[in-house]
Structures are given as structure tokens and as C-alpha cells.
Number of protein chains: 2
Amino acid sequence: MKTNKLCIMRLSKYKSALYRLKSLGFVRIFSDNLADAVEVTSSQVRKDFSIFDISGNKRGGYKIDELIEKINTILGKDELQKVVIIGVGKLGSALMHYPGFEKEGIKIVAAFDIDALKFKHKEKTPVLPLEELPEFVRKNNIKIGIITVPATSAQQVVEIMLSAGIKGVLNFAPIQLRGNDDCQINNVNLEVELENLIYFVNVLIKTKGK
Amino acid sequence: MKTNKLCIMRLSKYKSALYRLKSLGFVRIFSDNLADAVEVTSSQVRKDFSIFDISGNKRGGYKIDELIEKINTILGKDELQKVVIIGVGKLGSALMHYPGFEKEGIKIVAAFDIDALKFKHKEKTPVLPLEELPEFVRKNNIKIGIITVPATSAQQVVEIMLSAGIKGVLNFAPIQLRGNDDCQINNVNLEVELENLIYFVNVLIKTKGK
DNA sequence: TTACTTTTGTGATAATATTCACAATATATA
DNA sequence: TATATATTGTGAATATTATCACAAAAGTAA
Ligand SMILES: NC(=O)c1ccc[n+]([C@@H]2O[C@H](COP(=O)([O-])OP(=O)(O)OC[C@H]3O[C@@H](n4cnc5c(N)ncnc54)[C@H](O)[C@@H]3O)[C@@H](O)[C@H]2O)c1
Ligand SMILES: NC(=O)c1ccc[n+]([C@@H]2O[C@H](COP(=O)([O-])OP(=O)(O)OC[C@H]3O[C@@H](n4cnc5c(N)ncnc54)[C@H](O)[C@@H]3O)[C@@H](O)[C@H]2O)c1
């Protein structure tokens, strides 16, 4: 079973589109419709599905409910995913209180900081001292953590997370983190995203000029 | 000149690594060092450079200052990039006040919302009514906008932006936006990012089990 | 029931992206 | 200055990803 990051991201997008289409009253769907919704080709959709042995009905398409369920299973969403956030600054607290994650079965169960002013032991999503992270992670069997600390602290934080047993990190600090083979580190680098956009807009403007 | 999105993103990362290496006292750099810093292969670095006719010295590597300048030129960073934000909620205001963009020559010059409670006409980065966006964009020759409104408003907002003359959109709403050939729309979908991470962590845990 | 149409599923093919490998050459060394 | 060595720059080779194209299957209509 060959998979790659882009393929998995497309699965997420298919799922999201399927929820929308379902709420619009659709019960069955064709690769064509999904392709439109996600802006890929229909053979891309079918190929992605075939990689995961998702099959529909020739001429009948796919049943939306079944499809959503299969994709959720592939994406490991059968159970609620518990996630912690490290760094409760501007970005961290925006993420912490974002209701969109819980709708997707992702629950921010706690956050950690080193600034005592940020601590909130009694909230439904507590903000705790960083020292308590290892114990919390072990007790609650947390696998995923989000890093929203300044770049200068990020490497140090990731090391604490790894030794606590975290297996997956989503890092927002604009710096390349060193991990190990036991842990998947993905980066969201918004400076890079903006620069990329600026580049392609410049290309666009130039090629339109002629 | 063949380019692709990943290659441009790597250029951004090289640049970021170069600033760091420079601050550490380096003056010259080899493809090998950069490769380490960005976690790619050294031939990837050299190939990326050769695509843009960036050349170094055989045996002498690259001069950091020249390299930074060349990459900045490619990325269109010779002049300050003015950007607007639409949607001053939790995420939008985090981005609006993030100093990291200005360091990279990206300036958030104004934000727009429909909620009168958010308006701030007198701040250095004003929050203005959405109706004023078209005029502001034209007067200030803005090319880039960031969408941080709820998914339900995003399509409507992007249409206003396009007709105002915006050429590039960074969209944080978890929905596929329709644009046109005159405009580059890039998406940052954090739900998708997290789901992706969860998938690969599950793969990791499974393969470690055996 | 049969002919016709639509859509899937997938091997073959094409396009893209990365790595290899090595000649060319700039610098260091003796 | 001559020799040794490290590093670039890039075609060729490989690997990865996406598209094509069509046989097979399933629904529809007559
Ligand atoms: N704010 C944005 O819009 C934005 C955009 C792009 C990238 N980022 C990146 O995201 C990260 C957070 O940005 P922010 O604007 O929220 O910063 P911030 O300064 O508002 O918040 C950082 C938080 O991390 C905490 N912290 C610092 N060191 C820590 C440590 N060792 N352990 C635990 N907590 C620690 C601080 O107490 C603070 O609460 C930064 O790396 C930044 O570069 C932010
Ligand atoms: N907060 C997060 O951490 C987070 C994470 C992932 C994705 N997102 C996405 O980012 C977007 C913003 O999230 P948020 O948490 O900041 O939401 P929010 O509700 O805090 O803020 C939304 C803002 O947009 C404004 N708005 C609504 N309709 C508008 C319109 N038509 N024109 C201009 N402004 C309008 C609202 O007045 C509000 O100020 C959403 O699409 C959300 O799905 C947010």
C-alpha cells in the first residue's frame, strides 16, 4: 500500500467535501463530483481510493456515508484524538479555543507554558506549567503535541516532548527541529507560506503583462 | 526555468537558515551545510540553485550575503510586501500582530471585518469595515490578502477581494475557494494538517509494533 | 430480456521531482 | 609553482506522482 503525504491530505479534503455534500442532501456521489469539490481530477480521486481499497459501484458511484466512514477509519479517527499545545501565546490560544478541531474528533486536552501568568488549573482546558507535561502525557497517553513557542525555545521543547513519549509534533515555530525516527515532526511555516504566495503572484503578474 | 511550489518553499527555508548561519558568524557556506540545516540532500540544494542560475565557487561554496540577496530577489522581496487581513477574530488578530512577518519584509497594512466592535480606525494597523476594502486595495496597490473569516463567509469574501484587484490569497478557512486565473489562492488548512499528522503517527506506531 | 449508457478500477503511460555520479575547477598545501 | 583535495554544476538515471484510456460492471430504458 503506497501512500504519500499529498494523498492523505486529499483524503482529508474529500472527507470535508463529503460532509458538505451530505448536508446538501446528497446520498451518492461520483468521483467526478468529488474531483470538482476538491479541484483535482476524477482519476486522481479513483486512484486515491484504489490505493486504500475503497470501492464504489460501477455506474452507481459511492455512498457518501460509507465513504466518510472508510476515510475516517483510514485517517485513524475511530477514536477521539487527544492533543496538547505547548506555548499559550497569541497563536497557541487561538488554536486552543478553536472549535473546528473538536468537530473533527481532535480534542485539545491541555496546554503548557512557562509563564506563570498563563496558568489556569481549573479551566476545562487547563494551562499547566511545562514541568507537568511529561507526567500528563504519560498518564493520559497523549501522542500528539502542537508547538507554538518562540523559535528560540522550540528545539528545547521538542526534546522534552519526545522524552515524554509524544510521537507526533505540529510545529509552528519557523525553525527546522531535530527529532528522531520514533517521532513524526510536521511543520506549518506561515512566513514560508506567505513568501511562496508572493512568489507566485509575482510570476502571475509578470506573465499577464505580456 | 522550471519551478514548482516545493522548490520555492525550499528557497524560503534556505534563506531562513542562511540568516541563522550568518548570525552564527559564517560568511561562506557549502551546499552540504545548507542541506543539513533544511534537511534535504546537498544535490537538492545545488539543483534548486542551478534552476535559478545561482552559482557559487567550486571548492569555495557560496557567499552567504550574496546568496541571501539572490534568493530575496527571486522571492520578490526587493520591496516591502503590503498585505491585508480579512477577518479579525482569534486567528486573524494573532497574525495581524505577529512581528515575524515584518522581519521578512511583509507588512500587514490593514485588516477588515464586518463586526463594528472590531473597528479601529486610528491604530497603526487599522481595522476597517469590509466595505472599505476595494477602495483601500486600489489606493494602496495591495496584491495580497489573508482570509481568516469563518468558512461560511470565505467564498463571498474572496469574490470581493478578487474584484478589488487582489492577486494572491492565503486562505485559512477550511473550504475550497473558487477563484479565477488572474489570482493565486493558497490554502492553509490546519484541520488537514493535524489529520495528516495523526495518520502518520498511527503508521509509525503500527510499524514500530512489529 | 436486451441494448445502451455511465462510471468505476486499474494497468500503461506521461510528467515531475529527486538523487546519482562525475568532469570541471577553485582553493589549499607543500 | 605543482599537486592534492574538496566542492560545484549538471546531464543521466531513478523514483515518485498524476493522468490516460479502456475493459468490465452496473444501472436504465425500451
Ligand atoms: N502569532 C502568529 O500569528 C504567528 C505566525 C506565524 C508563526 N508564529 C510562530 O508561532 C510561535 C508562537 O507565536 P506567538 O505569536 O503565539 O508567540 P507569543 O510570544 O504570543 O507566545 C509564545 C508563548 O510561548 C510561551 N513560552 C516561551 N517559552 C516557552 C517554553 N520553553 N515552554 C513553554 N512555553 C513557552 C510564552 O510564555 C508565550 O506564552 C512562534 O514560534 C512564532 O514564530 C506565530
Ligand atoms: N482559530 C483557529 O485557531 C483556527 C484554526 C484553524 C482554522 N481556522 C479558521 O480560520 C478562520 C477564522 O477563525 P477564528 O477562530 O479567528 O474565527 P473568529 O470567529 O474568532 O473570527 C472570525 C472573524 O471574521 C469576521 N467576519 C465574519 N464574516 C466576515 C465577513 N464576511 N467579512 C469580514 N469579516 C467577517 C468576524 O466578525 C470575526 O471577527 C475560520 O475559517 C476558521 O475555520 C481558525
Side-chain angles (χ1 to χ4, degrees), chain A residues 1-14 17-18 21 26-71 74 176 192 196 199-200 203, chain B residues 1-14 17-18 21 26-71 74 176 192 196 199-200 203:
Chain A
M1 189 204 288
K2 279 174 290 177
T3 66
N4 66 61
K5 185 161 171 161
L6 291 179
C7 169
I8 300 301
M9 294 218 156
R10 283 193 301 268
L11 284 189
S12 284
K13 290 182 184 172
Y14 298 149
L18 286 167
L21 290 161
F26 287 84
V27 174
R28 299 172 150 280
I29 201 82
F30 302 121
S31 59
D32 221 17
N33 310 129
L34 257 184
D36 277 355
V38 178
E39 296 192 333
V40 297
T41 64
S42 63
S43 39
Q44 179 77 84
V45 173
R46 297 199 300 277
K47 180 66 92 182
D48 286 340
F49 287 177
S50 103
I51 288 169
F52 291 103
D53 291 316
I54 293 176
S55 58
N57 274 34
K58 292 198 160 97
R59 171 106 202 216
Y62 307 83
K63 285 189 199 158
I64 289 189
D65 281 332
E66 283 180 15
L67 203 43
I68 289 176
E69 204 173 300
K70 282 177 185 168
I71 294 176
I74 292 163
Q176 193 72 33
V192 168
N196 189 265
Y199 174 83
F200 284 103
V203 169
Chain B
M1 189 204 290
K2 279 174 291 176
T3 67
N4 67 61
K5 185 161 171 161
L6 291 178
C7 169
I8 300 301
M9 293 219 157
R10 283 194 300 269
L11 284 188
S12 284
K13 290 181 184 172
Y14 298 148
L18 285 168
L21 290 161
F26 287 84
V27 174
R28 298 172 150 277
I29 203 78
F30 302 121
S31 59
D32 221 17
N33 310 128
L34 256 185
D36 278 355
V38 178
E39 296 192 334
V40 297
T41 64
S42 63
S43 39
Q44 180 76 85
V45 173
R46 295 199 301 277
K47 180 66 89 181
D48 287 339
F49 287 178
S50 103
I51 288 169
F52 291 102
D53 291 315
I54 292 177
S55 58
N57 274 33
K58 291 198 160 95
R59 171 103 202 221
Y62 307 83
K63 284 189 199 157
I64 289 189
D65 282 332
E66 283 181 15
L67 203 43
I68 290 176
E69 203 172 301
K70 281 176 185 168
I71 294 177
I74 292 164
Q176 192 73 33
V192 168
N196 190 266
Y199 175 84
F200 284 103
V203 169

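Nothing here was measured: the structure is a model prediction, and the numbers come from that model. To find a chain, count down the sequence lines: A is the first, B the second, and so on, and within it residues start at 1.
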Step-by-step side chain to side chain contact (heavy atoms under 4.5 Å, CB included) determination, B/Asp48 to B/Val40: CA-CA 11 Å; B/Asp48 287 339; B/Val40 297; 6.0 Å; no
Set out, line by line, the N/O atom pairs under 3.5 Å between protein and nucleotides 27-30 of chain D.
from, atom 1, to, atom 2, distance (Å)
D/dG27, OP1, A/Asn57, ND2, 3.3
D/dG27, N2, A/Arg59, NH1, 3.1
D/dG27, N3, A/Arg59, NH1, 3.3

Could you tell me how far apart [X] ([atom1]) and [N] ([atom2]) are, to the nearest whole angstrom?
X       : N      : atom1 : atom2 : value
B/Asp32 : D/dG9  : CG    : P     : 14 Å
A/Phe52 : C/dG9  : CZ    : C1'   : 16 Å
A/Ile51 : C/dG11 : CD1   : C1'   : 14 Å
B/Met9  : C/dA17 : CE    : P     : 13 Å
A/Asp48 : C/dT10 : CG    : P     : 13 Å
B/Leu6  : D/dT16 : CG    : C1'   : 12 Å
B/Asp53 : D/dT10 : CG    : C1'   : 12 Å
A/Lys47 : C/dG11 : NZ    : C1'   : 7 Å

Over all strands shown, is A/Tyr62 touching base, sugar-phosphate only, or nothing at heavy-atom distances under 4.0 angstrom? sugar-phosphate
To the nearest 0.5 Å, what is the distance between CD (B/Gln44) and OH (B/Tyr14)? 5.0 Å
Euclidean distance, A/Arg46 CZ relative to A/Asp32 CG, rounded to 0.5 Å: 8.0 Å
Under 3.5 Å donor-acceptor pairs involving side-chain atoms of residues 54-66 of chain A, not counting sequence neighbours:
from, atom 1, to, atom 2, distance (Å)
A/Asp65, OD1, A/Lys22, NZ, 2.9

Within the structure provided, determine whether [X] and [Y] are in side-chain contact (heavy-atom separation under 4.5 Å).
X       : Y       : result
A/Phe52 : A/Cys7  : yes
A/Val45 : A/Val38 : no
A/Phe26 : A/Asn33 : no

When every non-hydrogen atom of A/Asn4 is compared with those of A/Leu6, the smallest separation belongs to OD1-N, 2.9 Å
Indicate the atoms forming the closest heavy-atom contact of B/Leu34 with B/Phe49, along with that distance. CD1-CZ, 3.7 Å
Of the candidates C/dA17, D/dG9, C/dT8, the side chain of A/Phe30 sits closest to C/dT8
Under-4.0 Å side-chain N/O to phosphate OP1/OP2 contact, B/Arg10 with C/dA17: no
DNA chain D nearest-nucleotide lookup for A/Lys5 and B/Ile54: closer to the 5′ end is B/Ile54
Pull out every residue in residues 33-46 of chain A that has a heavy atom closer than 4.0 Å to any atom of DNA chain D, ordered by number, or say none. A/Thr41, A/Ser43, A/Gln44, A/Arg46
